Protein chains: 2
Amino acid sequence: MALSDVKGVQRNDAGIAAAVGILRQRFGDRFQTGHSMREQHAHTTTYIPTQMPDGVVFPQTVAEVQEIVRACAEHRVPVVAFGTGTSLEGQVNAPGGGISLDMSRMNRVLSVNSEDLDVTIEPGLTREELNAYLRDTGLFFPIDPGANASLGGMAATRASGTNAVRYGTMRDNVLALTAVMADGRAITTAKRAKKSAAGYDLTRLLVGSEGTLGIITSLTLKLYGIPQAISGGVCPFPSVEAACQAVIATIQMGIPVARIELVNALQMRAINLHSRLDYPESPCLFVEFHGSDAGVAEQAEMFGEIASEHGGGPFLWTSVAEERAKLWKARHEAYWASFVLRPGAKGLSTDVCVPISRLAECIAETETDIAEMGLVAPIVGHVGDGNFHVLVLMDTSNPAEIAQAEKFVARLNMRAIGMDGTCTGEHGIGQGKMGFLRHELGEAVDVMRAIKRALDPDNILNPGKVLPD
Amino acid sequence: MALSDVKGVQRNDAGIAAAVGILRQRFGDRFQTGHSMREQHAHTTTYIPTQMPDGVVFPQTVAEVQEIVRACAEHRVPVVAFGTGTSLEGQVNAPGGGISLDMSRMNRVLSVNSEDLDVTIEPGLTREELNAYLRDTGLFFPIDPGANASLGGMAATRASGTNAVRYGTMRDNVLALTAVMADGRAITTAKRAKKSAAGYDLTRLLVGSEGTLGIITSLTLKLYGIPQAISGGVCPFPSVEAACQAVIATIQMGIPVARIELVNALQMRAINLHSRLDYPESPCLFVEFHGSDAGVAEQAEMFGEIASEHGGGPFLWTSVAEERAKLWKARHEAYWASFVLRPGAKGLSTDVCVPISRLAECIAETETDIAEMGLVAPIVGHVGDGNFHVLVLMDTSNPAEIAQAEKFVARLNMRAIGMDGTCTGEHGIGQGKMGFLRHELGEAVDVMRAIKRALDPDNILNPGKVLPD
């Protein structure tokens, strides 16, 4: 399936009209059908065409979510859960219309269990809000996908980001959740014990299911102590290959790196242009270590030695917060800096993930592809996990450019899959990558489909996503 | 359901006869129906009554597993996957008869990817065999449930053990797997990328499904660098409460403890009696740290300070391997030492897991229950995870004792569930804990059941396990 050729889902106009009537009656001002509100709830940060829902509802309780889902189930109307709309593969589009379930008003912290290092929250809470709330406890929630996304959305898309190399992804950090299923039943997938061998792992089944199996209504998340000390810095390398070898050596040594980010030469150039800096315009690794004062110093020194053995350096690092922020400034600004390479362009952000042994090769082939196709497309990567992003800068009003970008993304996906990797390490399948899931996982897709049918026989939960027809 | 009243599954005698005929014809010597062979494959390390399969088959390839499953599917005959038979809740019993699928001849290492820190193996390989194979690579697989179990069985039961506090459980350490489903289809749940957001997490769905959703035919597992240094030691505490508070403080400080094991006073007495040692007969924590030389020394010292703040000590620790083994000897011998408390008795080993904030209370109430019920039952715990075991020493020929033990286990399960914990942290549900799953997870059990029906409509994969009727 081409990215720009997202299939529709057959509309059930009569059912939608009935559900809209019921929800309007029941929720009053908390149910909206204005054009801009609907458009905003289908707006995705990709160029996948907007497909608006017919109405947007703002539930405040689990019981309300159940009511909404039951009304939609009765009339076979799609329900699309919406967090902050920062997903990148069309996850919140409504190809068959229906109801957008905006979870933003379910954003309370329900309980903090500091001795257990966990917190239970409602899904509309964002990660920054959670960390602001936790500030005085000495604890934090580490998963950082970049955007200030809602935690429900992060769970639904199995988000990760810069420090997954140390703390894992949402898969690893959701201890339990509650969800409303397609028939309106509310379930709890697990208790709060740190581990359990009791029954099927429904927590992990719902995490990453992108709203197609259930609507997440609360999450119990793992927390971590704010590290006593953080060191971090930046290190240039002569090539992506050398940088990747240094990453492999660092991880093999068991150095508990908290973040290890690759920025390629083109992206470094964009950063220099954008921020009037003078970093070397060669591939750089941005690294960060969390631990005790002595620990983070030791780790930074060990990393510096490894970098130097692989032809990298100088490795500039510090444990002083302000200086560290300065060293990392380039990485933090990478996304916005990119646009200096092609003013006025829009960006298509895509991601793949491969075994780290294949990462250098995958990035090198991708850079060659970018050059040969004449694209402007900088690369950044969460390289500790073998995950990288390409931001294709394009004129979205030009069909030829769209076709070219689609071709590039398709080749990238197939390259990653061919290297025993995945077409998405963290953005999810949504609509944009549905055409690649079967290439990646073959008949396992039929098993996914059987589960979807068993749990949502009328296909009302976020239809037209994840599973190709 | 009482532990000793495990329900049967209706036998399909005609189907079984047909399948036995087919498998005998096809597999010759690799299909066995002798009584002792069948008994051995239903023998569990609990006192749950043995329920023998009708035959035992030893496949050597995925294609053979497919053939066997297809033959059984055609005739609606149960298929019970068998690793080493060390599961504790009746997982390998065959309540409806059928075929035991002994995976022991599928025990090859398929590939070691040392740069990616992963290995792909067949399910019959045991964890000790894997670590022996890996010895020269500098890598190891950390999960250690005690028994030298097969890795397929460990995945199927979501096993963990002493160092899960640092390395996670099988849930966290299976990167991908292949499985033969109830219809004979072979699927691959994921590629080898370290993380993925591509579709439903079938890996985690199959891990912990106890052979009821698919037969695992290969596993890709995460590996870790053998730590440069290990320090470890033992520290007595005035009470379980004090020991638990020290554990909480250690984890909150972010000290990356690799193992932290509680042994209660009765268990310490058993160890002293058994091994003629003179440990203090009070609750002890056995701890171990993995890292750099400087790191493990720093961590041990920090732990010593925390222990002392909670009234514990002296904390005897060392980084010298032989001395560490001596200090840990008591913990390693705990299981066998227990029997000195009641010579001739058999042991019922059960486990629960609670949020760590409730652990001291849960153990205290359990110790009171043990005393009040007049049981002999020492306790050890993987307390970093809030997980503990009780070994009830009993005369299994005495129905009154069995009834008493069942009552105790039921009360323990309900106590753990009431404290927001689980009736099993690592042993699984099997037959023994089926009666508690609904108490723990309510309607989520119906969702599990819907998944089971969708993937195994004729209920041939390990029927009568995990999901209560």
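All chains are named by letter (A, B, ...) in the order of the sequence lines, taking the proteins before the strands, and each is independently numbered beginning at 1. Computed from a prediction, not measured in an experiment: that's the story for all the values here.
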Region of [X] in contact with chain A, defined by heavy-atom distances below 4.5 Å:
X	answer
B:Ile251	both
B:Arg185	side chain
B:Ser114	both
B:Met419	neither
B:Asn387	side chain
B:Ser196	both
B:Val165	both
B:Ile248	side chain
B:Ser209	both
B:Ala186	backbone
B:Arg453	neither
B:Leu117	side chain
B:Val466	side chain
B:Thr188	backbone

**Message:** Between A:Ser160 and B:Lys195, do the side chains contain a donor N or O and an acceptor N or O under 3.5 Å apart?
**Reply:**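 Per modelled atom types, B:Lys195 and A:Ser160 side chains form a pair under 3.5 Å.
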**Asked** At what distance, to the nearest 0.5 angstrom, does OG of A:Ser292 lie from CD of B:Gln299?
**Response**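 Going from OG on A:Ser292 over to CD on B:Gln299, the span is 8.0 Å.
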**Request:** To the nearest 0.5 angstrom, please state how far the OG1 atom of A:Thr203 sits from the CZ atom of B:Arg171.
**Result:**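 The OG1 atom of A:Thr203 sits 7.5 Å away from the CZ atom of B:Arg171.
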Are any side-chain N or O atoms of [X] and backbone N or O atoms of [Y], one a donor and one an acceptor, separated by less than 3.5 Å?
X	Y	value
B:Asp116	A:Ile356	yes
B:Gln228	A:Gly254	no
A:Asp385	B:Lys194	no
A:Arg158	B:Gly199	yes

Given the options [options], which has more heavy-atom pairs under 4.5 Å with chain A than any of the others?
options	result
B:Ala198, B:Pro227, B:Gly225	B:Ala198
B:Gly430, B:Ala294, B:Gly442, B:Cys353	B:Cys353
B:Val445, B:Asp446, B:Leu205, B:Asp118	B:Asp446
B:Ala454, B:Gly138, B:Gly421, B:Gly428	B:Gly421

**salt bridge (Lys or Arg N to Asp or Glu O under 4.0 Å) assessment of A:Arg204 paired with B:Asp201** = CA-CA 6 Å; A:Arg204 249 53 55 184; B:Asp201 191 346; 5.9 Å; no
If you count heavy-atom pairs under 4.5 Å with chain B, which of [options] comes out on top?
options	answer
A:Val354, A:Val447, A:Asn113	A:Val447
A:Leu213, A:Thr157, A:Thr169	A:Leu213
A:Lys465, A:Met253, A:His290, A:Glu298	A:Glu298
A:Ala444, A:Ala159, A:Ala190, A:Gly425	A:Gly425

Evaluate the side-chain proximity of [Y] to [X]: yes if any heavy-atom separation is below 4.5 Å, no if none is.
X	Y	answer
B:Tyr200	A:Leu467	yes
A:Leu202	B:Ile451	yes
A:Glu115	B:Arg358	no

**Message:** Counting only non-hydrogen atoms closer than 4.5 Å, does A:Leu455 touch chain B with its backbone (N, CA, C, O), its side chain (CB onward), both, or neither?
**Reply:**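 It is the side chain, since no backbone atom gets that close.
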**Engaged part of A:Ile417 at the chain B interface, taking heavy atoms whose separation is under 4.5 Å** =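 It is both, since atoms from each part get that close.
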